[in-house]
2 protein chains.
Amino acid sequence: MGCSRYNGLMRLRKKTEESGADATGGGLRDERKLRTRRALMDAALELIQGERSFSSISLREVAKVAGVVPAAFYRHFSGMEDLGLALVDDSFRTLHTMMREARSAPLPPSNLIANSVATFLKYSQDHRPHFEFIAKERYSGSSAVRLAIRREIRLWTSELAADLAPFPKLKSFNGDDLRMMAGLVVNTVIAATELILDVDTKDTAEVARIHRNAEKQIMLIFLGAAAWKSQA
Amino acid sequence: MGCSRYNGLMRLRKKTEESGADATGGGLRDERKLRTRRALMDAALELIQGERSFSSISLREVAKVAGVVPAAFYRHFSGMEDLGLALVDDSFRTLHTMMREARSAPLPPSNLIANSVATFLKYSQDHRPHFEFIAKERYSGSSAVRLAIRREIRLWTSELAADLAPFPKLKSFNGDDLRMMAGLVVNTVIAATELILDVDTKDTAEVARIHRNAEKQIMLIFLGAAAWKSQA
DNA sequence: CGAACAAGTCAACAAGTGTTCACTGAAAGT
DNA sequence: ACTTTCAGTGAACACTTGTTGACTTGTTCG
């Protein structure tokens with residue numbers, strides 16, 4: 001009895017040391033809470049890798065991997081759906097970060113498409129857990145999570161549409177058609193990402209194949225755009 | 001005790017009557033087995049409608065909805081994954097049926113795209129359960145189910161590529177690029193389908209919006225294809 | 001210093017899970 | 001008519017599940 005109590009405390013200690021002893025910043029209480037929150041979110045992302053999907057993992061599993069007792073979960077989230085929504089925010093934060101960075105580093109328009117595709121796919125591989133979560137929950141999660149994801153993707157599409165607007169070749173596009181085209185690009189990129197997620201990370205040949213395919217598809221889209229005429 | 005036994009038999013009887021008394025064809029034994037098998041598959045599809053996904057429903061739930069005791073499940077499938085694979089086959093059988101029908105009824109090339117899109121989306125709405133299953137399991141199911149779905153989609157893409165080949169405007173396409181383009185079309189159609197699945201069936205305005213969007217996207221793709229040049 | 005707060009613990013709960021077992025009774029085969 | 005086959009039954013198994021309540025114990029605040 002006393003023994004298992006100490007067990008719990010030791011886990012916490014370990015966690016503290018892991019994060020380094022430099023964490024002497026103010027608000028020890030809040031900081032610790034935040035760390036456990038992250039531990040729970042990371043645990044969920046970890047459990048999702050491979051076979052399982054978010055909707056099929058249990059609160060208890062998440063708690064266990066996070067090194068915390070099930071009851072403690074409720075100090076941070078009201079339930080699994082709540083955790084899911086937090087993960088959606090988290091995942092798209094990384095995505096928006098990437099897009100902001102990409103925007104601030106203007107690429108030469110010569111092979112802009114190839115570079116953009118490469119940048120994105122590289123990024124998605126580096127943040128695999130987040131993108132895997134999105135891919136898996138986009139259609140099969142609870143409706144709250146699903147809607148949150150869809151909202152974010154719409155937002156992303158609009159962002160891309162805004163980035164596309166200034167292009168000379170796309171002068172004849174009205175707002176709706178621009179979003180239509182951006183949606184096509186986003187869908188294509190997502191599809192490629194989802195394919196890559198299912199490929200062994202070592203299989204660079206297959207990854208390159210998917211890569212090239214996505215490039216070609218987006219070039220095709222731009223080719224079509226150049227010939228497009230929006231009717232008022 | 002005796003009471004609950006009778007309960008089970010009554011459920012079976014009810015099922016038999018539902019299906020009509022005309023089922024006097026030979027092989028009563030096999031026919032009944034097949035009916036239960038279907039009942040199990042239908043039960044799974046039914047449970048999937050709305051919030052839940054296949055990976056989050058239980059063998060016992062499926063058995064209960066099918067009006068059968070859990071142990072009986074094993075007379076038909078070795079487990080849930082087996083059922084999932086059967087559902088993949090089932091779902092794509094309907095899809096291939098549709099494509100065969102579409103091919104045998106040649107459309108005027110004038111508004112061929114609009115008609116094809118309309119036909120497909122109508123069909124997917126009429127077979128909602130199957131398409132909902134595919135959409136949900138495409139990325140989040142067990143790897144066996146996921147791979148089966150991916151295989152079928154690749155097959156579908158190849159079929160479409162073959163259908164596209166004879167078009168005069170696509171003369172300059174080599175095989176790889178033709179599949180690339182077909183993949184783009186398939187992705188677009190799937191994305192539209194998945195969007196429609198999340199819309200209230202009554203909301204015809206929203207359905208029409210998604211509809212028009214998909215049409216435009218595919219027209220854009222064909223426009224791009226007309227300008228495409230495959231390099232050897 | 002002492003009180004209040006709150007992130008963590010343990011223990012228990014009722015329900016649900018997959019799977020195995022010996023069984024029954026109607027259809028199929030002889 | 002007699003036996004075999006087998007899709008179905010019910011009961012039991014050893015777990016896992018979400019959630020609650022009473023608790024401890026370090027941090028924060030007055």
Side-chain angles (χ1 to χ4, degrees), chain A residues 1-16 23-40 43-44 47 52 54-84 142, chain B residues 1-16 23-40 43-44 47 52 54-84 142:
Chain A
M1 202 178 169
C3 178
S4 44
R5 165 85 45 76
Y6 279 102
N7 223 336
L9 286 178
M10 273 176 63
R11 277 204 202 106
L12 238 52
R13 292 263 161 69
K14 205 176 105 210
K15 208 166 270 304
T16 305
T24 45
L28 277 83
R29 189 77 158 261
D30 297 6
E31 189 205 341
R32 212 158 95 120
K33 173 156 190 180
L34 228 108
R35 193 154 54 229
T36 329
R37 189 186 151 92
R38 265 253 61 88
L40 286 167
L47 281 165
R52 327 271 312 269
F54 184 77
S55 15
S56 72
I57 64 175
S58 70
L59 186 151
R60 285 178 108 107
E61 282 178 297
V62 172
K64 185 185 290 184
V65 171
V68 132
V69 106
F73 182 99
Y74 293 102
R75 301 270 182 223
H76 302 271
F77 304 101
S78 69
M80 285 298 282
E81 175 153 311
D82 199 17
L83 209 200
S142 76
Chain B
M1 203 176 169
C3 178
S4 45
R5 165 85 47 78
Y6 279 103
N7 222 338
L9 286 178
M10 274 175 61
R11 276 203 205 108
L12 237 52
R13 292 263 163 67
K14 205 176 102 211
K15 208 163 270 304
T16 305
T24 46
L28 278 85
R29 189 72 162 262
D30 299 4
E31 189 205 341
R32 212 159 94 119
K33 172 156 190 180
L34 227 107
R35 193 154 53 231
T36 324
R37 188 187 152 92
R38 265 251 62 88
L40 286 167
L47 281 165
R52 323 272 313 268
F54 183 77
S55 16
S56 71
I57 64 175
S58 70
L59 185 153
R60 285 180 108 107
E61 281 179 297
V62 172
K64 185 185 290 183
V65 171
V68 132
V69 105
F73 182 99
Y74 295 101
R75 300 269 183 225
H76 303 271
F77 303 101
S78 68
M80 285 298 282
E81 173 152 311
D82 199 18
L83 210 200
S142 76

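Just so we're on the same page: letters track the sequence lines, and every chain starts at 1.
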Closest approach of [X] and [Y], non-hydrogen atoms and distance?
{"X": "A:Phe77", "Y": "A:Arg37", "result": "CE2-NH1, 3.4 Å"}
{"X": "B:Ser56", "Y": "A:Ser55", "result": "CB-O, 3.7 Å"}
{"X": "A:Pro70", "Y": "A:Ala63", "result": "CA-CB, 3.8 Å"}
{"X": "B:Ala43", "Y": "B:Val62", "result": "CB-O, 3.5 Å"}
{"X": "A:Ala66", "Y": "A:Leu40", "result": "CB-CD2, 3.7 Å"}

Roughly, in whole Å, what's the span from [atom1] in [X] to [atom2] in [N]?
{"X": "A:Arg35", "N": "D:dT27", "atom1": "CZ", "atom2": "C1'", "answer": "14 Å"}
{"X": "B:Leu83", "N": "C:dG18", "atom1": "CG", "atom2": "P", "answer": "12 Å"}
{"X": "B:Leu40", "N": "D:dG8", "atom1": "CG", "atom2": "P", "answer": "8 Å"}
{"X": "A:Arg32", "N": "D:dG26", "atom1": "CZ", "atom2": "P", "answer": "9 Å"}
{"X": "B:Phe73", "N": "D:dT9", "atom1": "CZ", "atom2": "P", "answer": "14 Å"}
{"X": "B:Asp30", "N": "C:dA27", "atom1": "CG", "atom2": "P", "answer": "13 Å"}
{"X": "A:Asp82", "N": "D:dT19", "atom1": "CG", "atom2": "P", "answer": "12 Å"}
{"X": "B:Leu28", "N": "D:dG8", "atom1": "CG", "atom2": "P", "answer": "13 Å"}

Fill in: Short side-chain N/O contact from B:Tyr74 to OP1 or OP2 of C:dT19, under 4.0 Å
yes

Side chain of [X] only, please: which of [options] is the nearest?
{"X": "B:Ala72", "options": "C:dT19, D:dT19, D:dT9", "result": "D:dT9"}
{"X": "A:Pro70", "options": "D:dG21, D:dT9, D:dT19", "result": "D:dT19"}
{"X": "B:Arg29", "options": "C:dA27, D:dG8, D:dG26", "result": "C:dA27"}

Worksheet item: Which of these passes salt bridge (Lys or Arg N to Asp or Glu O under 4.0 Å) with B:Glu31: B:Lys33, B:Arg29, B:Arg35?
Response: B:Arg35

Fill in: With A:Phe73, the side-chain contact (heavy atoms from CB on, under 4.5 Å) member among A:Val68, A:Leu83, A:Thr36
A:Leu83

Worksheet item: In the 5'-to-3' direction, what one-character label does each nucleotide of nucleotides 12-17 of chain C receive under the scheme B = base within less than 4.0 Å of a protein heavy atom, S = sugar-phosphate only, - = no such atom?
Response: B----B

Worksheet item: CG of B:Asp30 to CZ of B:Arg32: how many Å apart, nearest 0.5 Å?
Response: 12.0 Å

Practice prompt. Under 3.5 Å for both distances, Watson-Crick or G-U wobble, that's the pair rule; now give the dot-bracket for DNA chain C, with | marking pairs to another strand and [ ] for crossing ones.
Written response: |||||||.||||.|||||||||||||||||

Worksheet item: Can you list every pair that meets side-chain hydrogen bond (donor to acceptor under 3.5 Å, both in side chains) and has a residue in residues 66-81 of chain B, with sequence neighbours left out?
Response: B:Glu81-B:Ser142

Fill in: Upstream residue (5' side of DNA chain C) when B:Arg75 and B:Met80 are each assigned their closest nucleotide
B:Met80

